[in-house]
Amino acid sequence: MKETGFGADKNLQDDSRIATRELTINLGPQHPATHGVLRLVLDLDGETVVRCTPYIGYLHRGVEKLAEHRNYLQIIPLTDRLDYISAMANNVGYCVAVEKLFGIEVPERAQYIRTIVAEMARISSHLLWLGTHALDMGAMTVFLYCFREREKILDLFERLCGARLTTSYPRIGGVKRDVDPEWLEDLYRFTEEFPMRIEQYETLIDQNRIWLQRTKGVGVISAEDAINMGLSGPVIRGSGVPYDVRKFMPYGVYDRVKWEVPTGKNGDVYDRYRVRMNEFRQSNSIIRQCIEAIPSGPVMAEAPKFVLPPKDEVMTDIERLIHHFVLITKGPLTAPEGEIYVATEVPKGELGFYIVSDGTGRPYRMRIRSPSFVHISALPKLCEGGLVADVIANIGSIDIVLGECDR
Amino acid sequence: MEITMEPLEIAERIKARFSDEVLGVNHFRDQVYVSVKRDRIVEICRYLHDDPDISMDYLSDLCGVDYPGREFRFEVVYNLYSLRYRHRIGIKAQIPENDPSIDSVVSIWSGANWHEREACDMYGIVFRDHPDLRRILLPEDWEGFPLRKDYPLKGPKDREYKSYEVLKELHTRDDEWTIR
C-alpha cells in the first residue's frame, strides 16, 4: 500500500506485514463483454492478472462431424453459422475450397459478386467489432452509429438472398442468383457516403484521451510471437507482419483490383484498431472498383455433376431435370479423390478448410481451421502481466466469435 | 531474392534427408502431402522450420484424421506455410491404433498447443511432452472420442453424458419447485 497522503498509517507502508493472497475470479460464459460464451478464469494479484485460462467449447455443435454425413451442397448452411457475423465470407471460403477440390472454374461475374459480398461482410463484421469494442471500453455512442451502417448492409443482403444473417448465397460453382442493377446502384451509393461515416467514428474516439490510454501499449504482441502462434488477420497485421491471404494466395478478383494491406507497428490494441479502421477504407475501395468493373455473364459454372442447372432449363430439358433431381435428393454422387487445404481471408483472420475426399459425394474429413480458435489461445499471453481492465480491451481487440472458435 | 519453391521440390528435400521416414508423397491439384512415420516428427518439423531455404515459420493447421481400415489408423496432418517464401507443404504422420501417441511440436510452433489439444479431445491421440493436454471443446469429464468414425453421429444411445442425469433428476421434482 503506497503512502496515500494525509494521515496515512505509517505502519502499513511495509507490505510484508499484510497477508495477501491471489484471487481467482471467473469471467463466466455469460458476460456482456466476452462476445459470446467464453469463460476466462483469471488469477489476480491485486489488479494484475497473474494467470489467465480460457475455457471454450460452450458453443461446440460438432460441425466437423456433421459435415462427414452431409453432401457438399448441404454443408453450405453449416458454414453460415461458423462466424455468424460475416456469413458471406465463410460461404465464400468454403466454396473456394470445394471448387479447388473439384476443379470447377467459376465464371467472371460470379467472382466479382463474391468479392463484393465478401467485402461487404468484412465491413459489416468490423462495424460490429468497433461498436462492441468501444462499448466494452465505455464509449457507448459508437455502438449506435456503427449499427446504423450495419443495418444498411444487412438490408442489402436481405434484398439479395433473403436473409440477413445466415445467407448461404455463394454456392459451389458461383452464386445462387444474379444481382440486379438497382442493388448495385444502392450499394454504390452506400460506398460513396461510407468514408464520411468512418471519419465520424474516428472523431468520436480516435483522439479521445481515455481511449488512447486504454489502448496504447496494451496487449502487445511481437511479430515473431505472432507468427509462431499462427495468428492471422488484423491481429498479426497490427504487429507489423503484412500477411493477408488475399495477397499471398489470391482468390476471387483480389489480384485484379488495386488495394493495400494496412499494417500496424507496435502490436498493441491501438494498432489493431487502426488496422481495422483502414481496412474499412480498403474494403470500400474494393467494392467500388468491383462494381465499376463487373462484367456481364453467367453466375454459375457449367458442371452438371456438382452444380444445379438453371431453373428455366430444368423446366424444359429432361436431362437438366434429371441432374437437378439427383443433385437435390442425393447430392453429388462422385467427387475427385484427394485432399487439399485452402485458406481465405475472413474478417477475423485466416479461415482454412482442409477437406479429404474419398470419391463419394460427402467429404471424408472436413477440418475447419478457424482464426478465433487460434486467437483465443493467444489471450493468456496478451493478458498476463496486465490489469483486469486490459483483459476486456484485449478480448475486444482480437475480435473473436465463439461460433467460429467452437464450431 | 525470395525464391518460392515448388511443393514437390520441398518433398524431394525431405525425402533426401529423411529417406527412412517418408512413406509416400501425394500430389493433388498443386498441393503436396508427405506421409511420414511418427518417430522423428519433431526432427522433420524442426528441419522444415529452421532450414533457410524452406523456412516454414507458420503452422496453418494441425489436425487428426481417422482411417479405420488402415494399418495405421490415425493421421496427424500438419499444414505448414512459409510467410517468407509463400510456399506450402503438408506432412501427415501415421499413427497406429494400439498406441496412439506422437511427440508434440509445441516447442517449434507454440500455436500447435490448442490444435493438439483438440486432436486429443476428438480422436484420443496423446501428444507426448505437451504442456497441458486436457479436453478443450468437450467437458473435462466427457467419455469417448467423437470424431472417430465408430462414434455415432448423435452420440452413444445407451450412455448419456453423466451431468444430464443430475438435470433429469431435478426435473422429476419440478412439482416441488412451482409456485402456486
Side-chain angles (χ1 to χ4, degrees), chain A residues 53-62 64-66 68-69 100-103 223-232 236 241-243 245 247-249 336-343 350 352-354 356-358 364-370 373-378 380-381 405-407, chain B residues 4 26-33 49 57-67 75 77-90 92 106-115 117-119 121-122 132 134-140 142 146-149 151-155:
Chain A
T53 320
Y55 289 87
I56 55 171
Y58 290 93
L59 200 47
H60 177 64
R61 297 156 286 183
E64 296 181 1
K65 181 99 182 162
L66 280 171
E68 292 172 13
H69 294 257
K100 182 148 185 191
L101 178 73
F102 290 173
E224 299 89 48
D225 282 338
I227 298 175
N228 200 264
M229 284 198 251
L231 307 181
S232 51
I236 201 175
V241 181
Y243 174 50
V245 181
K247 288 280 194 201
F248 279 49
M249 296 164 262
E337 250 185 77
E339 54 199 337
I340 43 153
Y341 176 84
V342 174
E350 172 188 337
F353 284 91
Y354 170 64
V356 177
S357 158
D358 57 350
Y364 186 78
R365 165 85 165 113
M366 187 165 95
R367 154 77 176 172
I368 304 166
R369 181 260 192 221
S370 68
F373 184 76
V374 184
H375 292 172
I376 298 183
S377 74
K381 201 156 161 79
C405 168
D406 294 342
R407 287 157 272 133
Chain B
T4 305
N26 293 17
H27 184 206
F28 178 72
R29 304 248 193 268
D30 75 23
Q31 287 197 3
V32 172
Y33 283 88
H49 182 262
D57 44 8
Y58 195 77
L59 177 71
S60 281
D61 188 27
L62 198 170
C63 64
V65 194
D66 184 20
Y67 293 99
E75 254 182 24
V77 183
Y78 302 81
N79 279 294
L80 307 174
Y81 188 65
S82 169
L83 289 184
R84 196 170 152 197
Y85 297 115
R86 307 193 184 188
H87 47 231
R88 187 181 279 291
I89 189 98
K92 309 203 293 181
V106 163
S107 51
I108 309 174
W109 300 284
S110 49
N113 192 321
W114 275 31
H115 290 303
R117 272 178 73 185
E118 189 186 344
D121 192 8
M122 293 289 153
D132 180 26
R134 56 196 159 95
R135 287 207 185 257
I136 187 169
L137 290 175
L138 297 169
E140 291 88 23
W142 191 271
L147 272 178
R148 289 192 180 186
K149 292 285 180 181
Y151 196 92
L153 177 63
K154 298 189 185 175

Self-check item: Pairs of heavy atoms under 4.5 Å with chain A: top-ranked of Asn26(B), Leu62(B), Leu83(B), Asp30(B)
Solution: Leu83(B)
Self-check item: Residue Leu59(A) versus chain B: region with a heavy atom under 4.5 Å
Solution: neither
Self-check item: Qualifying residues under side-chain contact (heavy atoms from CB on, under 4.5 Å), relative to Ala119(B), sequence neighbours excluded
Solution: Phe127(B)
Exercise. Identify the two heavy atoms, one from Ile340(A) and one from Tyr33(B), that lie closest to each other, and give their separation to 0.1 Å.
Key: C-OH, 3.8 Å
Quiz item: Is chain A contacted by the side chain of Arg148(B), its backbone, both, or neither, given a heavy-atom distance below 4.5 Å?
Solution: backbone
Practice problem: For the pair Trp114(B) and Met229(A), evaluate side chain to side chain contact (heavy atoms under 4.5 Å, CB included) and give the outcome as yes or no after the intermediate values. | Solution: CA-CA 10 Å; Trp114(B) 275 31; Met229(A) 284 198 251; over 6 Å; no
Quiz prompt | Engaged part of Ser370(A) at the chain B interface, taking heavy atoms whose separation is under 4.5 Å | solution = neither
Practice problem: Look at the rings of His115(B) and Phe373(A) and say which category their plane angle falls in: under 30° parallel, 30 to 60° tilted, over 60° perpendicular. | Solution: tilted
Quiz prompt | For the student: nearest non-hydrogen atoms of Tyr58(B) and Glu350(A), plus distance | solution = CE2-OE1, 3.4 Å
Quiz item: Among Met122(B), His49(B), Glu118(B), which residue forms the greatest number of heavy-atom pairs with chain A at distances under 4.5 Å?
Solution: Glu118(B)
Quiz item: Going by an N to O cut-off under 4.0 Å, is there a salt bridge joining Arg365(A) and Glu75(B)?
Solution: no
Self-check item: Within 45° cone and under 6.0 Å: Lys100(A) NZ/CZ vs Phe28(B) ring
Solution: no
